[in-house]
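To start, the structure itself, in structure tokens.
Everything quoted here is computed from the prediction, not taken from an experiment.
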Amino acid sequence: MPPPPPTREPRIVPAAPRIVSPSSDHISPIRSPPISLEQPSNKKSRSKSSKIFRHFRSVFKSFPIINPACKIPVSLHGSRAPEAHVHGGTRMTGTLFGHRKTRINLAIQDNPRSIPILVLELAVPTGKLLQDMGTGLTRIALECEKQPSGKTKLIHEPIWTMYCNGRKVGYAVKREPSEDDLSIMQTLHAVSMGAGVLPTKVSDSPDGDLTYMRAQFERVVGSKDSETFYMMNPDGNNGPELSIFFVRI
């Protein structure tokens with residue numbers, strides 16, 4: 001009798017990694033871009049000239065204020081002049097992002113290609129804040145209490161009471177950038193400003209589209225207990241205006 005034919009072992013094909021969204025039954029493969037964001041610049045090393053400038057500025061602030069005869073024209077809509085640059089401010093990149101029905105997130109970066117120095121989860125839904133910004137000037141005030149040690153940097157405070165246009169809306173929480181946060185920043189690394197909808201791992205999410213708005217901000221440090229981020233509109237157009245105040249009281 002001839003020998004029996006050799007049996008073939010079943011071929012195992014590795015499947016693409018998949019996730020299940022906790023709020024949806026849809027399953028989709030993970031397709032995150034590789035993270036190549038830069039580390040944020042080290043702000044601790046400052047040149048001697050910058051120290052001299054800060055000393056001169058502190059002396060200059062002690063001078064009496066004199067109202068000049070001529071006046072700078074101001075927009076009737078309350079917006080800053082398009083070419084205005086806040087003296088002493090630092091240009092940074094700010095991104096508002098999140099699903100329309102979930103809380104909006106704020107990421108602050110040195111530039112679009114760097115890891116965020118700050119990620120805050122704010123107390124309002126993404127769709128609501130973006131809708132409010134479309135109606136005019138939006139002011140967000142974030143307040144926290146001073147601690148006895150007083151050694152924590154202002155933007156490193158963990159929790160804030162949040163006010164939007166003078167109305168208390170809840171709390172904002174600082175967190176470390178998650179993998180999803182870094183993936184979104186990586187996707188937007190070539191975008192300096194703009195707004196739109198990002199592709200997601202889950203189609204037809206009940207939380208709505210993943211939207212974003214990115215712009216340049218001027219960071220102005222008033223003291224160790226106060227900082228302000230002013231969103232800048234390119235070319236002085238009539239786009240949304242946003243100011244974010246950090247205050248420790």
Side-chain angles (χ1 to χ4, degrees), residues 17 19 21 29-47 50 86 88-99 102-124 126 129-130 133 140 142 144 151-160 162 171-202 207 209-222 224-232 234 242-246 248:
I19 64 166
S21 172
I30 298 175
R31 294 177 181 174
S32 300
I35 305 301
S36 61
L37 299 173
E38 306 166 355
Q39 290 293 330
S41 60
N42 186 1
K43 301 295 183 181
K44 293 183 179 180
S45 58
R46 299 180 182 268
S47 62
S50 64
V86 182
T90 303
R91 189 73 57 88
M92 308 200 78
T93 298
T95 309
L96 293 163
F97 64 96
H99 291 275
T102 62
R103 289 186 172 192
I104 195 167
N105 303 282
L106 169 67
I108 300 294
Q109 302 165 272
D110 287 338
N111 59 72
R113 294 176 173 82
S114 66
I115 293 175
I117 64 170
L118 173 66
V119 176
L120 280 178
E121 182 179 327
L122 305 181
V124 293
T126 303
L129 182 60
L130 296 182
M133 290 178 61
I140 294 176
L142 301 170
C144 70
K151 295 181 180 180
T152 303
K153 289 185 177 181
L154 185 63
I155 62 172
H156 292 168
E157 292 286 356
I159 189 167
W160 303 82
M162 179 176 169
Y171 296 92
V173 179
K174 177 186 178 297
R175 56 180 171 80
E176 293 298 319
S178 65
E179 291 185 6
D180 287 341
D181 297 333
L182 295 178
S183 178
I184 291 172
M185 297 301 106
Q186 181 66 42
T187 302
L188 298 174
H189 76 280
V191 178
S192 59
M193 60 185 64
V197 177
L198 293 173
T200 58
K201 303 169 185 176
V202 179
D207 295 328
D209 294 330
L210 176 58
T211 59
Y212 77 93
M213 187 183 72
R214 169 167 284 185
Q216 296 295 309
F217 282 75
E218 287 279 355
R219 178 186 185 184
V220 180
V221 179
K224 68 175 183 177
D225 296 321
S226 67
E227 293 187 19
T228 306
F229 290 81
Y230 298 100
M231 190 177 77
M232 305 180 66
L242 174 66
S243 299
I244 305 173
F245 304 89
F246 292 80
R248 187 159 46 194

Fill in: Stepwise side chain to side chain contact (heavy atoms under 4.5 Å, CB included) test for Arg214 and Gln109
CA-CA 11 Å; Arg214 169 167 284 185; Gln109 302 165 272; 2.9 Å; yes
Fill in: Any side-chain heavy-atom pair of Ile140 and Leu129 under 4.5 Å
yes
Practice prompt. Answer whether the closest heavy-atom distance between the side chains of Glu218 and Arg91 falls below 4.5 Å.
Written response: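 Result yes, sub-4.5 Å side-chain heavy-atom pair found.
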Worksheet item: With sequence neighbours excluded, what pairs up with Thr102 under the side chain to side chain contact (heavy atoms under 4.5 Å, CB included) test?
Response: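 Applying side chain to side chain contact (heavy atoms under 4.5 Å, CB included) to Thr102 gives His99, Asp207.
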Gap separating the [atom1] atom of [X] from the [atom2] atom of [Y], nearest 0.5 angstrom:
{"X": "Ile35", "Y": "Met185", "atom1": "CD1", "atom2": "CE", "answer": "10.0 Å"}
{"X": "Lys153", "Y": "Phe246", "atom1": "NZ", "atom2": "CZ", "answer": "14.5 Å"}
{"X": "Phe245", "Y": "Thr228", "atom1": "CZ", "atom2": "OG1", "answer": "5.0 Å"}
{"X": "Glu157", "Y": "Asp225", "atom1": "CD", "atom2": "CG", "answer": "9.0 Å"}

Worksheet item: Please walk me through it: do Leu198 and Leu188 pass side chain to side chain contact (heavy atoms under 4.5 Å, CB included)?
Response: CA-CA 9 Å; Leu198 293 173; Leu188 298 174; 3.8 Å; yes
Worksheet item: For Met133 and Leu96, what are the C-alpha separation, side-chain angles and deciding distance, and is it a side chain to side chain contact (heavy atoms under 4.5 Å, CB included)?
Response: CA-CA 12 Å; Met133 290 178 61; Leu96 293 163; 3.9 Å; yes
Compare every heavy atom of [Y] with every heavy atom of [X], then report the nearest pair and how far apart it is.
{"X": "Thr152", "Y": "Arg248", "result": "O-NH1, 2.8 Å"}
{"X": "Met193", "Y": "Ala215", "result": "CB-CA, 4.1 Å"}
{"X": "Pro112", "Y": "Thr93", "result": "CD-OG1, 3.4 Å"}
{"X": "Cys144", "Y": "Trp160", "result": "SG-CZ3, 3.5 Å"}
{"X": "Ala172", "Y": "Met162", "result": "N-CB, 4.4 Å"}
{"X": "Lys224", "Y": "Leu154", "result": "O-CB, 3.7 Å"}

Discussion item. Applying ring-ring contact (aromatic ring centres under 6.0 Å, His included), can you list everything that pairs with Phe97, at least two apart in sequence or on another chain?
Written reply: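 Applying ring-ring contact (aromatic ring centres under 6.0 Å, His included) to Phe97 gives none.
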Worksheet item: Under the ring-ring contact (aromatic ring centres under 6.0 Å, His included) test, which residues partner Tyr212, sequence neighbours left out?
Response: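 Partners of Tyr212 under the ring-ring contact (aromatic ring centres under 6.0 Å, His included) test: none.
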Worksheet item: side chain to side chain contact (heavy atoms under 4.5 Å, CB included) between Ile184 and Leu210: does it pass, once the steps are laid out?
Response: CA-CA 10 Å; Ile184 291 172; Leu210 176 58; 4.0 Å; yes
Practice prompt. Using only heavy-atom distances, determine whether the side chains of Ser36 and Gln186 contain a donor-acceptor pair under 3.5 Å.
Written response: yes
Practice prompt. Among residues two or more places apart or on two chains, list those pairs meeting salt bridge (Lys or Arg N to Asp or Glu O under 4.0 Å) that have a residue in residues 180-196.
Written response: Arg175-Asp181, Asp180-Lys201
Please tabulate, for the side chains in residues 114-124, all donor-acceptor contacts under 3.5 angstrom to protein atoms that are two or more places apart in sequence or on a different chain.
unit_1, atom_1, unit_2, atom_2, d
Ser114, OG, Asp110, N, 3.3
Ser114, OG, Asn111, N, 3.3
Ser114, OG, Asn111, O, 3.0

Practice prompt. Identify, with sequence neighbours excluded, every residue that meets side chain to side chain donor-acceptor pair (under 3.5 Å) alongside Thr126.
Written response: none
Item to complete: Taking Thr187 for its side chain and Ser183 for its backbone only, find out whether a donor-acceptor pair lies under 3.5 Å.
Response: yes
